[in-house]
Structures are given as C-alpha cells and as structure tokens.
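Order of the sequence lines fixes the chain letters, A, B, ..., with proteins taken first and strands second; residue numbering starts at 1 for each chain.
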There are 2 protein chains.
Amino acid sequence: MRLPPLNALRAFEAAARHGGYIDAADELHVTRGAISRHVKTLEEHLGVTLFRRASRGVELTRAGRDLLPALTKAFKVIEEGAARVTDRSELRVICPPALSVRWLLPSLPEFRAAHPDVRIKLTTDFHGDHAFDGTDYDISIGCANPSNQRPSDIRVEPVAPYTLVPACSPGLLESARIRTPEDLVGVNLIREDYPGSDWPDWLKHFRMDHLDLEQGDVFPNFDLAIRAAIMGTGVIMGDLFLCREEFEKGILVQPFPGMSCESSWGWYCVLYPAALLDNPSAVLFLDWVNEIAARDRQAVLTNPPYA
Amino acid sequence: MRLPPLNALRAFEAAARHGGYIDAADELHVTRGAISRHVKTLEEHLGVTLFRRASRGVELTRAGRDLLPALTKAFKVIEEGAARVTDRSELRVICPPALSVRWLLPSLPEFRAAHPDVRIKLTTDFHGDHAFDGTDYDISIGCANPSNQRPSDIRVEPVAPYTLVPACSPGLLESARIRTPEDLVGVNLIREDYPGSDWPDWLKHFRMDHLDLEQGDVFPNFDLAIRAAIMGTGVIMGDLFLCREEFEKGILVQPFPGMSCESSWGWYCVLYPAALLDNPSAVLFLDWVNEIAARDRQAVLTNPPYA
DNA sequence: TAGGATGGATCAGAAAAAATCATCCTTGGT
DNA sequence: ACCAAGGATGATTTTTTCTGATCCATCCTA
C-alpha cells in the first residue's frame with residue numbers, strides 16, 4: 001500500500017488533534033479551506049471517512065479515531081529525529097586512539113571541571129586528515145599536514161610535531177647491544193596494524209630501506225605497541241610527543257640520540273570549520289586545547305633528546 | 001521545532017535506504033533531479049549535511065545515518081496506521097445489548113461455522129437509528145423506524161416488530177392479583193436505565209398515563225430487567241420478539257392478553273449502506289440475518305398471544 | 001423567531017512547490 | 001583517453017496548494 005499524501009496527513013492530524021479545522025489551520029499557518037481540502041484529499045485517498053460533518057464542527061469517525069494516534073506518533077518520531085540531528089549543543093570531537101589515550105583524555109577532566117556546561121562528545125577513532133569536512137564531527141584532532149590543500153573554510157592549528165624516533169627499554173638496549181641503526185637487523189621491530197608509515201618514513205630518511213619490517217610484532221594500536229616496548233619486547237618507532245612521559249621516566253630510551261625526523265603524516269593538529277568560531281563553547285574548548293598543546297609541546301621542544 | 005518538509009523527508013529516506021538517488025527516484029516514480037532537490041531542501045531546512053557527495057554516488061554523513069532510522073520508522077507507523085484504517089476485510093456489526101444477547105449472539109456461531117472466512121466483528125452497544133451512517137460500522141442492527149427519512153444510500157430491512165406487552169412471572173400474577181391494567185397501581189414496574197419509551201408508549205396507547213413509573217426498579221439493560229421479572233420482582237414492559245422463549249416456556253406470562261402495541265422506536269431492523277451489497281461477505285451475512293429473522297419473526301407473528 | 005455567530009465546503013484565481021528535460025561536472029574503470 | 005555512472009543545476013512546465021470570497025447549515029441569543 002502506497003503512503004498517503006503526507007501533507008494531507010499532517011493537516012488531518014492537526015485537525016483531529018484540535019477537534020476542528022480552525023485551530024489546525026492556525027497551527028499550520030494556513031486557512032480553513034486548505035485544511036478542508038487536505039482532509040478531503042486524504043479521505044479520498046484512503047476511501048474512508050475520517051470526520052463526520054456535524055452541525056457544529058466536525059467529529060472523528062471510528063476510522064479517524066483509529067488513525068490519529070498513529071499519525072501523532074509518527075510525527076513525533078520525525079520531530080525528535082530531526083531535533084536530535086539538528087542538535088549542535090554538544091561538541092563532537094574525534095581523536096585517534098593513541099593521541100586520545102595518551103594526551104587528550106588525561107587532561108580532559110580538567111576542562112570538564114572548569115566548564116561543566118560545555119558538553120564534549122569524544123569519539124576515539126581514526127579520522128584521517130583527508131576525511132575531515134566538519135559534517136560528522138565539529139573538531140578533529142589528529143595528524144595533518146598543514147601545508148596540504150584544503151577547503152578554505154577548514155582551519156588547521158598545530159598541536160605538536162610528530163617526531164619519529166626509535167625507542168626501546170633500557171634493558172633491550174643493553175642485551176641486544178644496539179649501538180647503530182645497523183644493529184637493528186634481526187631485532188624485533190614493533191609496529192602498528194594500521195596503514196601508517198612511521199618505520200618506513202624513518203628508514204627512508206636515514207637510508208636504511210633494506211631493513212625488513214615484516215618480521216616485527218604487530219599491535220592493533222600505537223598505545224599497545226608502546227607498552228610492549230616498555231616490557232622489552234622490541235624496538236618501536238616512537239614519537240617524542242606521545243612517549244614523552246616514558247622518556248622522562250627512563251622506561252623508554254632512544255638507541256640513537258638525535259636520529260629523529262618528522263613523520264610524513266605531518267604534525268598533530270586541530271582541524272575545525274571556520275564557522276565553529278561562532279560557537280562560544282567551541283572557542284572555549286579550542287582555546288583550552290591550544291593551551292595544553294603549547295604546554296606539552298614546549299616540554300618536548302625544549303628538553304634535550306633523551307638517551 | 002517545526003516539522004521539516006515531509007515530501008523532502010520521504011525523498012531523503014528513500015535515497016538513504018537505497019544508498020543512491022537513482023533507485024530512490026525509481027521507487028518514488030520521479031527523476032534523479034527531483035530527489036537531488038528534495039535532499040538539498042531538507043539539508044537547508046535542517047542546516048545539516050545529510051549526504052557526503054562522493055566521487056561515485058553519495059554516502060550518508062553521521063547526521064544522515066542518525067536521521068534515517070527515525071524516518072523509516074515513522075513512515076512505517078503511518079503506513080500501518082493507514083492500512084489498518086483502510087482494512088475492510090472484517091464486517092463491523094453493531095447491535096444493542098438485549099437484542100444482541102437474546103437473539104443475534106445465540107445464532108452467530110452457526111453463521112461463523114458455515115462461513116469461517118467471513119470475519120464478523122460484533123460490537124454490542126447502542127447505536128440509535130439516527131446515528132447510523134455506515135462510517136463507524138458496516139451494519140447496524142437495532143430499532144429503527146423504516147418510515148423515517150434517511151439518506152437514500154442507507155438500506156433498512158425489517159427484522160421483527162417491536163411489540164410492547166407487559167409481562168411478569170405467573171407467581172406474581174397470582175400473588176398481586178393483577179387482572180386489569182388498573183391493578184398495576186402500586187405494583188413494581190421494572191424499567192431500563194435508558195432513555196427508552198417502552199412503558200410510556202404502552203401507557204399512552206392504553207390511556208393509562210396516570211401510572212407512576214418513578215417507583216419501579218431500574219436495571220442497566222433490558223436483559224437484566226427480564227431476569228428480574230422472571231424471578232417475580234415486578235412487571236416489565238416486555239416485547240414479543242425478545243421474550244418469546246420465556247413466554248413459550250411459561251416462565252413469563254402476559255397479564256392482559258391482547259393488550260399490545262408497537263413501540264414508537266419502530267421495528268427491529270438491519271441498516272446498511274447500499275454500497276455494502278458489493279461486498280460478497282456482507283451479502284452472505286445479510287442473507288443469513290434475513291433468514292433467521294424470518295424464522296423467529298414467523299414464530300412471533302403466528303403464535304397466539306401467550307397468557 | 002429573526003439575526004448574528006460559528007464552523008465547514010467550495011470555487012476561481014494566484015502562488016508556490018515539485019517535476020522535468022537537457023546539460024554539466026567529477027571520477028572511476030577499461 | 002574515453003566512456004559510463006551518478007549526482008548537480010538551470011530554465012521551463014506541470015502540479016499542488018493556498019487564498020479570499022462566498023455559500024450554507026446550524027446554533028445561540030434576544
């Protein structure tokens with residue numbers, strides 16, 4: 001059975017709910033005549049009388065009484081669905097797993113405490129530089145190449161450099177006698193199971209392309225890879241920003257101090273549509289992100305390479 | 001929040017469900033361009049992008065994905081509601097309580113057994129001659145004055161006369177020494193709690209208007225009043241058709257044989273819109289009603305007054 | 001018991017919405 | 001490189017919808 005004319009349904013629903021055409025016409029901002037016509041159209045489509053035309057006004061027939069609740073409910077579902085989709089009262093933020101878990105998430109409670117009225121909806125997942133267009137999320141935090149061409153209405157603000165540097169536990173450094181990059185041959189080179197390019201980037205930069213990566217252990221994300229490295233499992237291609245704490249504590253060390261390079265993925269960045277600056281809550285959040293970014297970035301840039 | 005344009009919603013729902021405009025256009029019997037426009041309209045209304053325009057076809061955004069299920073559900077609710085209201089596969093019959101319980105209902109199983117595929121939905125309630133117009137019910141069985149003016153498309157077929165005749169138990173007849181209508185003074189005149197006119201009609205016909213009805217016991221319906229009379233509680237204004245069995249069994253008797261008159265309510269009749277004759281199931285039912293009506297009516301008309 | 005008020009139905013014309021047709025654009029596949 | 005697929009778009013036409021005026025029946029009130 002084909003769907004009845006929707007506008008006629010809406011007119012009937014309003015008329016039935018109000019028990020008359022005049023109030024319905026008022027609600028829908030049209031004239032009585034329009035409602036009258038709609039109801040007639042609907043009755044003809046259904047082949048059923050919905051209103052009994054009484055002396056004074058109209059009265060629902062049984063069919064009309066049966067139909068009304070279904071329509072009221074349907075329109076309510078539509079309205080709520082639309083409202084939910086339209087709702088921009090919460091900031092939708094997406095951030096890849098390692099960055100989220102190792103940097104953003106630990107500080108987020110601080111922001112939430114300071115601004116309890118700003119609702120942040122954090123999605124911890126990959127979102128790729130290329131994909132962000134501000135439709136699915138308001139703010140994307142992740143790797144991005146600020147120099148990449150991008151629609152002019154998308155703003156990109158750097159958070160911290162993505163500095164590739166091999167890392168392993170002090171124990172492994174000793175036991176495997178890793179002194180020069182050549183010593184990596186035969187060592188377990190840990191990597192993420194993600195089409196990233198951290199090892200390839202570094203190996204290419206230092207012309208070590210002959211090293212075989214396929215032998216290394218694979219972990220579903222960078223965070224787990226780091227934990228494996230801490231336990232002395234192997235050598236990871238770390239990052240000064242994300243592994244800062246481990247380097248400071250000395251539970252991870254750099255076998256080749258100074259031998260670092262930037263990732264081809266670009267810096268860690270915050271991306272958002274320029275229009276977002278009209279939203280005071282968003283501005284609060286962006287300012288705060290910049291603040292903690294500057295703080296943590298500073299720590300990375302000023303500290304000497306950890307050995 | 002005001003409801004979005006409904007036709008645009010339908011277009012979007014189809015497009016989202018099919019994952020493309022072409023199939024949606026096909027489903028709604030319009031061109032791609034129409035769907036494209038509708039989606040755009042909806043996006044503008046909501047202020048939200050619903051489809052990400054990809055190289056090949058479109059892809060739902062998060063908002064679109066969120067919206068789709070609500071719409072699909074809403075349209076399903078509407079469709080089901082409309083289908084239910086449109087469904088004319090069951091015959092809706094209404095019949096007042098006493099007539100239903102004492103005449104129609106006892107025979108109905110016989111019809112249902114003979115025609116198991118004809119679904120009868122019996123509502124046992126008052127429906128008044130005046131009210132019947134074929135919208136709420138297909139067939140109304142009850143008191144009707146065949147001579148009353150009525151829309152020409154409503155058929156009225158007589159079932160049996162509504163013949164008013166006082167009745168009581170043989171015991172009461174003796175103990176209260178009821179011989180002439182004048183003996184009713186001071187007797188418990190049982191009546192229904194319904195704006196009927198059985199006693200008034202009879203009293204007026206035999207010029208006994210001076211009898212006081214207010215003293216008599218009141219019962220919520222005629223059936224219960226009859227039971228009370230059988231128990232010797234008082235005198236009811238009975239009816240030859242509905243009390244036939246009691247008269248035959250002798251558990252009710254007529255104090256004044258021959259003193260009967262027709263009710264001002266008219267005969268028991270079957271009312272239905274002429275168009276119902278296009279429905280074979282309805283014709284089966286109407287024929288059957290006529291059949292049992294003739295049978296039971298005959299018994300009333302040919303039998304001598306029960307004394 | 002007339003006259004005004006209420007509430008719906010209806011008609012012709014006006015306005016708005018929707019659909020179409022033709023064409024354009026981007027992109028992916030061969 | 002070219003073609004096909006799939007959507008976007010502009011101008012135009014068709015369809016739908018709304019309006020404003022008027023009609024009609026009934027109820028209410030004086």
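DNA chain D lies under 4.0 Å from at least one heavy atom of each of the following residues of residues 22-30 of chain A: A:H29, A:V30. Taking every heavy atom of residues 62-72 of chain A and every atom of DNA chain C, no pair lies under 4.0 Å.
Across C:dC21, C:dG8, C:dT23, the shortest atom-to-atom separation from the side chain of A:Y21 is found for C:dG8.
In this structure, the CZ atom of A:F51 is 14 Å from the P atom of C:dG7, given to the nearest Å. The separation between A:R52 atom CZ and C:dG7 atom P is 19 Å, rounded to whole Å. In this structure, B:L6 atom CG and C:dA17 atom P are separated by 14 Å, rounded to whole Å. If you measure from atom CD of A:E59 to atom P of C:dG7, you get 15 Å, rounded to the nearest angstrom. Atom-to-atom, CZ of B:R32 to P of C:dC24 comes out at 14 Å; the value is rounded to the nearest Å. Remark: P of C:dA18 and NZ of B:K40 are 14 Å apart, rounded to the nearest angstrom.
Nearer the 5' end of DNA chain C, as judged by each residue's closest nucleotide, is the contact made by A:G57, out of A:G57 and A:R37.
For the residue pair A:D87/A:S89, the side-chain donor-acceptor check at 3.5 Å is satisfied.
Here chain A contacts DNA chain D (any atom closer than 4.0 Å to a heavy atom, that is under 4.0 Å), and the contacts span D:dT17 to D:dC27 from 5' to 3'.
If you check every strand for non-hydrogen atoms under 4.0 Å, B:R53 touches sugar and phosphate atoms only.
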